[in-house]
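Scroll down for the structure; my scribbles are underneath it.
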Protein chains: 2
Amino acid sequence: MKKKVIKNKLVELNPNVSVDCVIFGFDFEKLNVLLIDRGTTLGIPLALPGNLIYNSENLDEAASRVLEELAGLKNIYLEQIGAFGDPLRITKITDQEWLKAMRAEPSARVITVAYFSLVKMSDYVPQASSFAKNASWVSVQEISELAFDHLEILNTAKESLKQKIRRQPIGFNLLPEKFTLSQLHRLYESILEKPLDKRNFRRKIQKLDIIESLKEKQKGVPHKPSQLFKFNKEKYELLTKIGFDNFGF
Amino acid sequence: MKKKVIKNKLVELNPNVSVDCVIFGFDFEKLNVLLIDRGTTLGIPLALPGNLIYNSENLDEAASRVLEELAGLKNIYLEQIGAFGDPLRITKITDQEWLKAMRAEPSARVITVAYFSLVKMSDYVPQASSFAKNASWVSVQEISELAFDHLEILNTAKESLKQKIRRQPIGFNLLPEKFTLSQLHRLYESILEKPLDKRNFRRKIQKLDIIESLKEKQKGVPHKPSQLFKFNKEKYELLTKIGFDNFGF
DNA sequence: ATTTGAAAGTGTATTAAGGACACAAAGTAA
DNA sequence: TTACTTTGTGTCCTTAATACACTTTCAAAT
């Protein structure tokens with residue numbers, strides 16, 4: 001990373017612009033988001049991971065950097081969901097770097113560019129980094145309060161994800177290489193927040209012809225073991241090339 | 001408007017954040033965009049209308065303000081399409097206000113938050129304001145070059161509009177009160193950039209039950225006069241309340 | 001060894017929506 | 001009166017959406 005090496009004006013933090021990431025993970029039951037506990041005392045609401053951007057990077061780069069710096073995540077599915085910028089975001093007074101930047105330029109206020117990202121939960125284990133001590137996966141259903149305007153951002157992210165998955169099969173980014181149809185089924189139900197008929201779901205997914213069954217089955221489960229599948233990226237890219245963008249959910 | 005009245009830090013321009021608007025209009029033939037000619041000499045590419053934001057306003061307010069200040073348009077359909085922020089946007093060196101702001105804070109760069117808006121073309125006649133001398137409607141098909149990263153913004157706006165109109169009947173914002181089904185039909189074809197079968201289109205639109213036929217007909221046309229319709233806002237709001245968001249295009 | 005519990009896996013019939021397609025009717029202008 | 005232009009309409013066929021129930025296969029407990 002070049003950002004801290006070169007010392008000139010352009011690599012300074014921009015005190016006015018931050019990125020925040022809604023990092024989604026799926027535990028085979030429900031959808032989760034990675035949140036940060038910034039509080040030393042009780043009762044301080046959790047926040048989305050985010051940071052100010054450098055003047056030397058573009059927005060997507062900044063979001064990737066935040067993902068990597070804060071959670072060690074690389075090459076992650078990322079999608080911008082929009083900019084948020086009430087003057088009231090000025091209440092972000094507990095953020096150290098923001099405070100520092102504010103001292104230099106007190107009239108400014110922050111706008112944030114929000115992203116959502118999809119990660120395999122196994123790729124991020126909260127003990128892995130120093131940051132991670134304060135980070136944890138929280139079920140989206142249980143979130144009723146967040147710091148700053150982060151609840152609004154989360155809700156927008158949920159809606160974006162819903163719309164996106166109705167059009168592109170991005171759900172595979174939340175699953176391991178090998179997965180079962182039931183896991184995929186629950187994933188779609190979690191994101192869309194509605195039940196989907198099992199047989200109809202399986203038929204529809206299989207007709208798309210973007211997953212292929214492996215010769216392997218689940219092991220050690222106290223019930224009929226499930227067939228394992230993997231995502232067929234080549235066939236998916238064929239679909240997108242012909243402009244296919246409707247999965248019918 | 002409070003912005004220029006109160007004289008304190010918070011009403012200053014923020015040198016780092018601008019809004020740009022992709023203002024769509026429909027002339028019953030094709031889709032157009034309102035562009036500004038910033039050039040005194042020939043060969044300077046056209047630009048989207050936009051400006052820096054004030055620290056005292058939120059992003060949506062800033063976009064509304066730009067629409068009103070630059071084109072006298074009020075109460076216009078507006079939707080954010082995202083933030084754009086290459087460090088290269090620093091090339092925006094011809095904008096006076098930006099230059100001024102840069103003198104105060106030279107290390108900064110601009111990110112822009114882009115919006116698209118839908119207006120009835122009759123609501124904006126380019127002779128109406130001083131700004132307007134340099135503004136004009138340009139067919140989207142004819143645009144192959146724009147200032148800064150505005151071509152990228154325009155393309156994103158076109159894509160957003162396409163997606164949005166497939167889900168919500170926002171096209172009415174581009175039409176006068178009274179319109180014909182053929183006009184609506186051409187509007188959808190212009191936005192979606194593909195032909196739609198006339199009979200199938202009419203059937204689909206009428207089944208939605210969000211337009212109602214007036215007792216009036218077109219006059220003075222050298223062919224069979226068309227039935228006039230108007231948009232039924234109440235019925236549309238009923239639809240959205242029950243979560244309907246798929247128009248099947 | 002047998003039973004129990006739990007999830008996997010499978011097919012059909014009905015209804016709704018999408019897509020292709022052609023010709024008569026109503027006005028103006030020449 | 002004729003020519004021209006756009007409106008307005010219905011049917012058939014194919015594809016997609018939805019609703020619905022029972023058997024299979026494994027582990028664990030008895």
Side-chain angles (χ1 to χ4, degrees), chain A residues 26-30 165-167 169 175 178-190 192 194-230 239 242-249, chain B residues 27-30 165-167 169 175 178-190 192-230 239 242-249:
Chain A
F26 179 64
D27 60 11
F28 302 127
E29 294 266 336
K30 54 200 166 17
I165 206 168
R166 287 171 59 180
R167 312 164 36 67
L175 290 171
K178 300 169 183 177
F179 54 86
T180 71
L181 286 186
S182 296
Q183 290 168 347
L184 190 60
H185 182 203
R186 265 171 261 143
L187 170 56
Y188 272 78
E189 290 187 324
S190 304
L192 297 172
K194 69 178 181 192
L196 300 171
D197 180 85
K198 182 164 65 162
R199 282 178 283 194
N200 296 339
F201 176 82
R202 289 161 103 97
R203 180 171 1 125
K204 194 184 285 186
I205 282 289
Q206 303 213 56
K207 180 127 54 97
L208 291 172
D209 201 31
I210 51 169
I211 59 176
E212 58 187 66
S213 78
L214 302 167
K215 286 186 187 108
E216 212 174 328
K217 291 196 174 186
Q218 255 186 339
K219 275 178 192 163
V221 287
H223 53 75
K224 180 171 179 179
S226 177
Q227 182 66 243
L228 287 171
F229 290 82
K230 70 169 197 154
L239 280 187
I242 59 168
F244 184 85
D245 74 341
N246 183 357
F247 277 56
F249 289 108
Chain B
D27 60 11
F28 303 126
E29 294 266 336
K30 52 198 167 21
I165 207 169
R166 288 171 57 178
R167 314 165 34 67
L175 290 172
K178 299 170 185 179
F179 53 85
T180 71
L181 286 185
S182 294
Q183 290 168 346
L184 190 60
H185 181 202
R186 264 171 261 144
L187 170 55
Y188 272 77
E189 291 187 324
S190 304
L192 297 172
E193 295 179 297
K194 68 178 181 190
L196 300 171
D197 180 86
K198 181 163 66 161
R199 281 179 283 193
N200 296 340
F201 175 81
R202 286 168 174 245
R203 186 187 344 141
K204 195 183 285 187
I205 283 289
Q206 304 214 55
K207 180 125 55 97
L208 291 173
D209 201 29
I210 50 169
I211 58 176
E212 55 187 70
S213 79
L214 302 168
K215 287 187 186 104
E216 212 174 329
K217 292 198 173 185
Q218 256 186 338
K219 274 178 191 163
V221 286
H223 54 74
K224 183 174 178 179
S226 177
Q227 183 64 243
L228 287 171
F229 290 82
K230 70 169 198 156
L239 280 186
I242 59 168
F244 184 87
D245 74 341
N246 184 356
F247 277 56
F249 289 108

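- Take the nearest nucleotide of DNA chain C for B/Arg203 and for B/Lys198: the residue whose nucleotide is more 5' is B/Arg203.
- Map A/Phe249 and B/Thr180 each onto its nearest nucleotide of DNA chain D; the residue landing nearer the 5' end is B/Thr180.
- A/Gln206 has its CD atom 17 Å from the C1' atom of D/dA17, to the nearest Å.
- Put simply, NZ on A/Lys217 is 10 Å from C1' on D/dT24, counting in whole angstrom units.
- Put simply, the side chain of A/Gln183 never gets that close to the backbone of A/Phe28: no donor and acceptor are under 3.5 Å apart.
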Steps toward side-chain contact (heavy atoms from CB on, under 4.5 Å) verdict (B/Leu208, B/Phe244): CA-CA 11 Å; B/Leu208 291 173; B/Phe244 184 87; 3.9 Å; yes
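- In this entry the distance linking CD of B/Gln183 with P of D/dT6 reads 13 Å, nearest Å.
- In this structure, CD of B/Gln218 is placed 8 Å from P of D/dG8, rounded to the nearest angstrom.
- Where DNA chain C meets chain A (any atom under 4.0 Å from a heavy atom), the bounding nucleotides read 5' to 3' are C/dG5 to C/dT12.
- When all heavy atoms of B/Ile211 and B/Phe179 are compared, the closest pair comes out as CG2-CZ, 4.0 Å.
- In this structure, NZ of B/Lys204 is placed 17 Å from C1' of D/dG10, rounded to the nearest angstrom.
- Per the geometry, OH belonging to A/Tyr188 stands 13 Å off P belonging to D/dA17, to the nearest Å.
- Taking the nucleotide of DNA chain C with the nearest heavy atom to each of B/Lys207 and B/Asp197, the more 5' of the two is matched to B/Lys207.
- Within the 4.0 angstrom heavy-atom criterion, only backbone atoms of the sugar-phosphate kind lie near B/Gln227; the bases stay farther away.
- With B/His185 contributing its side chain and B/Arg202 its backbone, the two residues share no donor-acceptor pair below 3.5 Å.
- A donor-acceptor contact shorter than 3.5 Å is absent between the side chain of B/Gln218 and the backbone of B/Pro225.
- With the nearest nucleotide of DNA chain D identified for both A/Arg199 and B/Arg202, B/Arg202 has the one nearer the 5' end.
- Following rounding to the nearest Å, A/Lys224 (NZ) and D/dT24 (P) show an atom-to-atom distance of 9 Å.
- Proximity of B/Ser182 to the phosphate of D/dT7: a side-chain N or O atom is located under 4.0 Å from OP1 or OP2.
- Both the sub-6.0 Å distance and the 45° axial angle are not jointly satisfied by A/Lys194 relative to the ring of A/Phe249.
- Rounded to whole Å, the distance from CG on A/Leu196 to P on D/dC20 is 15 Å.
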Test side-chain contact (heavy atoms from CB on, under 4.5 Å) applied to A/Asn246 and B/Arg166, step by step: CA-CA 11 Å; A/Asn246 183 357; B/Arg166 288 171 57 178; 4.3 Å; yes
